[in-house]
Amino acid sequence: MISHVKVRFAPSPTGYLHIGGARTALFNWLFARHNKGVFLLRIEDTDQQRSTEEATQAILDSMKWLGLDWDEGPYFQSQRLPVYRQYAEKLVAEGKAFYDTDAEGRKAIRFKMLDGVTEINDLIHGTITFDTSLIEDFVILKADGFPTYNFACVVDDAEMGITHIIRGDDHISNTPKQIGLYKAFGFKMPEFAHIPMILGEDGSRLSKRHGATSVTEYRDKGYLPHALVNFLALLGWSPGNDQEIISIPEMIEKFTLKRANKTSAQFNNIKLDWMNGQYIKNTPVEQLIPQVQSFFEKSGVDMSKITPGWLSDFVKLYHERFKTFQDLLNQTRFFFTDTIEYDLAAVNKFLKKEGVGELLKEAYSVISRIDTFDKKTLEDSLRALTEKLGVGFSRLAQPMRVAITGKSVSAGVFETMELLGKEKNLKRLDCAIKNLCETSAVMRSTAL
RNA sequence: GGCCCCAUCGUCUAGCCUGGUCUAGGACAACAGAUUUUCGAUCUGUGAACUGGGGUUCAAAUCCCCAUGGGGUCACCA
């Protein structure tokens, strides 16, 4: 454990919190918690054009949803303008910075970059060397009175006592400028740790065209926050063994920068889905129920007639079979609507077969006579039927599944039928029979 | 283009610092088989990588150099 650790996450509120930012925040948080240090949040809103309050809110919401609680802040740089001005003027007074007017007539303060060699002792990369004569005198205070990123960042990190700067390695090239500032002020130098970026699934920089890239999108698609955190933690860090599912306390206990990677990682939705499925399985049904309820409601499903008992059976039946709440909804829409979508391939493969219509008619009459409509009775009577007719049970089960769910893939057919209820089962069977027996038309989306 | 960073299965990674135990381990995905009323569920299994070239060394995935490839950055954006 390193003593007196203080780290920060310092996003700029120009958009939602994306996956890469979330990972940076997570590493800082984990580092702070592991070392019993302080995690601070600072909003770098020095771009008057692009900063928005909605973005700030979205970032805060995302952090909370992920469970990344901060101990200090959020501080807003826009509220510290006099501080930056004062520091900038100090440099001017000492001859380390100067006023400069550009071609457009804007007057700003520039920092005099000293020529020489600057070394960064990066905790992840080791020594990185820069020739500072290649770096121009950069603006530290803009014409609008706002500081630039490099300046505000250094002033704040120093004033706020940040000991370790953990950030994306796209900031490596900013570091010599910031070190120049630290030296000019005589500030105590922090440690730097530049973690690799997260790339899109095709290996290029993460952007909107990669689909979901923001934390809120994953939340809205029905992912569990702990699963996302677990997945993100493993992107660029490893506990050192073969463990894939790691609890937050365990992550905190094992997190060290020494085990952080240098290589950028490609995001992989498929693995995230698998991981989320693992977390779903490990979550007790009782906890899942309210989450399913609210996700379905938000998605426009009419849950008003759903009883607690039914919902409980429903979640139990699908517990091992869904990866995200959105996935669950996609799999089970046929329960909640009278207009089901038939999968054409499934219809052709199982319904449009010789003798299926007759078989379904027999099943229909058996089912219509069942009074106690539960899976046990259904199984007993339907199996008895196929035995009587001398056909394998799957000859009946498959067409029935398609007729009832519209798909060839579903949970157990009896459990599904029980949950769906007698009336709807009969309606859907009837519809299938009619389509098969009375017309040769292809079933598509059929209103029941 | 200048400067900087990086380089192990398709993907995430272990191993690298402290060369030998690596005929390179795990996970996701893929594929095959099993099971089952179906499956995107479950179980079992298979294929799959040290970017290339030089060194150093008895010995290199591990250390050094070069090449190549990928990424980042060069704003009064952050």
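In the text below, chain A, chain B and the rest are named by the order of the sequence lines, each starting its count at 1.
Residue order along RNA chain B, read from the 5' end via each residue's closest nucleotide, puts R205(A) first among R205(A) and Q48(A). Each of I124(A) and A265(A) lies near RNA chain B, and the nucleotide nearest I124(A) is the one positioned closer to the 5' end.
Across every strand in view, U62(B) sits unpaired, with no contact that passes the Watson-Crick or G-U test at under 3.5 angstrom. Using the Watson-Crick or G-U wobble rule with both distances under 3.5 Å, A30(B) pairs with U46(B). Remark: C39(B) base-pairs with no nucleotide in the shown strands. Criterion, Watson-Crick or G-U wobble with two distances under 3.5 Å. Across the strands present, G1(B) finds its partner in C74(B); the criterion is a Watson-Crick or G-U wobble pair with both atom distances under 3.5 angstrom.
A gap of 29 Å separates the P atoms of A29(B) and U23(B), to the nearest Å. Separating the C1' atom of C50(B) from that of C6(B) is a span of 15 Å, rounded to the nearest Å. A gap of 15 Å separates the P atoms of A49(B) and A61(B), to the nearest Å. Atom name P, nucleotides U42(B) and U62(B): the rounded distance is 39 Å, in whole Å.
Here R167(A) lies out of heavy-atom contact (under 4.0 Å) with every strand. Across all strands, T263(A) comes closer than 4.0 Å only to sugar-phosphate atoms, never to a base (heavy-atom distances). Counting non-hydrogen atoms under 4.0 angstrom, F130(A) reaches the backbone sugars and phosphates but no base. S204(A) comes within 4.0 angstrom of no nucleic acid atom, judged by non-hydrogen atoms across all strands. Heavy atoms of E244(A) sit under 4.0 angstrom from at least one base atom. Residue-level contact check: T148(A) touches the backbone only, with heavy atoms under 4.0 Å from sugar-phosphate atoms and none from bases. Within the 4.0 angstrom heavy-atom criterion, only backbone atoms of the sugar-phosphate kind lie near K281(A); the bases stay farther away. Using a 4.0 Å heavy-atom cutoff across all strands shown, G236(A) reaches sugar-phosphate atoms only and no base atom. Residue A152(A) is classed as having no contact, given no heavy-atom separation below 4.0 Å to the nucleic acid. Residue-level contact check: M197(A) touches the backbone only, with heavy atoms under 4.0 Å from sugar-phosphate atoms and none from bases. Residue-level contact check: H194(A) touches neither bases nor backbone, having no heavy atom under 4.0 Å from any strand.
Using a 4.0 Å cut-off, some side-chain N or O of N261(A) falls inside it from OP1 or OP2 of A14(B). At A78(B), one or more side-chain N or O atoms of T46(A) fall inside 4.0 Å of OP1 or OP2 (strictly under the cut-off). A sub-4.0 Å separation between OP1 or OP2 of G40(B) and a side-chain N or O of R321(A) is absent.
The cationic group of R23(A) lies under 6.0 Å from the six-membered ring centre of F27(A) and within 45° of the ring axis, placing it in a cation-pi geometry. Cation-pi check for K422(A) over F373(A) is not met; the charged atom does not lie both under 6.0 angstrom from the ring centroid and within 45 degrees of its normal.
The side chain of R110(A) has C76(B) as its nearest neighbour among C76(B), U38(B), A41(B). Residue R106(A) places its side chain closer to C76(B) than to any other of C76(B), C12(B), G72(B). Here the side chain of K258(A) is nearest to one of C76(B), G25(B), U18(B), namely U18(B).
The interatomic distance linking L134(A) (CG) with C74(B) (C1') rounds to 10 Å, in whole Å. Counting to the nearest Å, the C1' atom of A14(B) and the NZ atom of K262(A) are 16 Å from each other. Taking atom CG of L378(A) as the reference point, atom P of U37(B) lies 16 Å away to the nearest angstrom. In this structure, H125(A) places its NE2 atom 11 Å from C1' of G71(B), rounding to the nearest Å. The distance between atom CG of D122(A) and atom P of C5(B), rounded to the nearest whole Å, is 10 Å.
Residue side chain D102(A) reaches the base of C76(B) through a donor-acceptor N/O pair under 3.5 Å, judged by distance alone. Looking at N174(A), its side chain comes within 3.5 Å of the base of A78(B) through a donor and an acceptor atom.
Salt-bridge formation is detected for the pair K6(A)/E72(A): a Lys NZ or Arg NE/NH1/NH2 atom is positioned less than 4.0 Å from an Asp or Glu carboxylate oxygen.
Proximity of K112(A) to L91(A): side-chain heavy atoms (C-beta onward) are nowhere separated by under 4.5 Å.
The structure places OH of Y223(A) at 9.5 Å from CD of Q326(A), a figure rounded to the nearest 0.5 Å.
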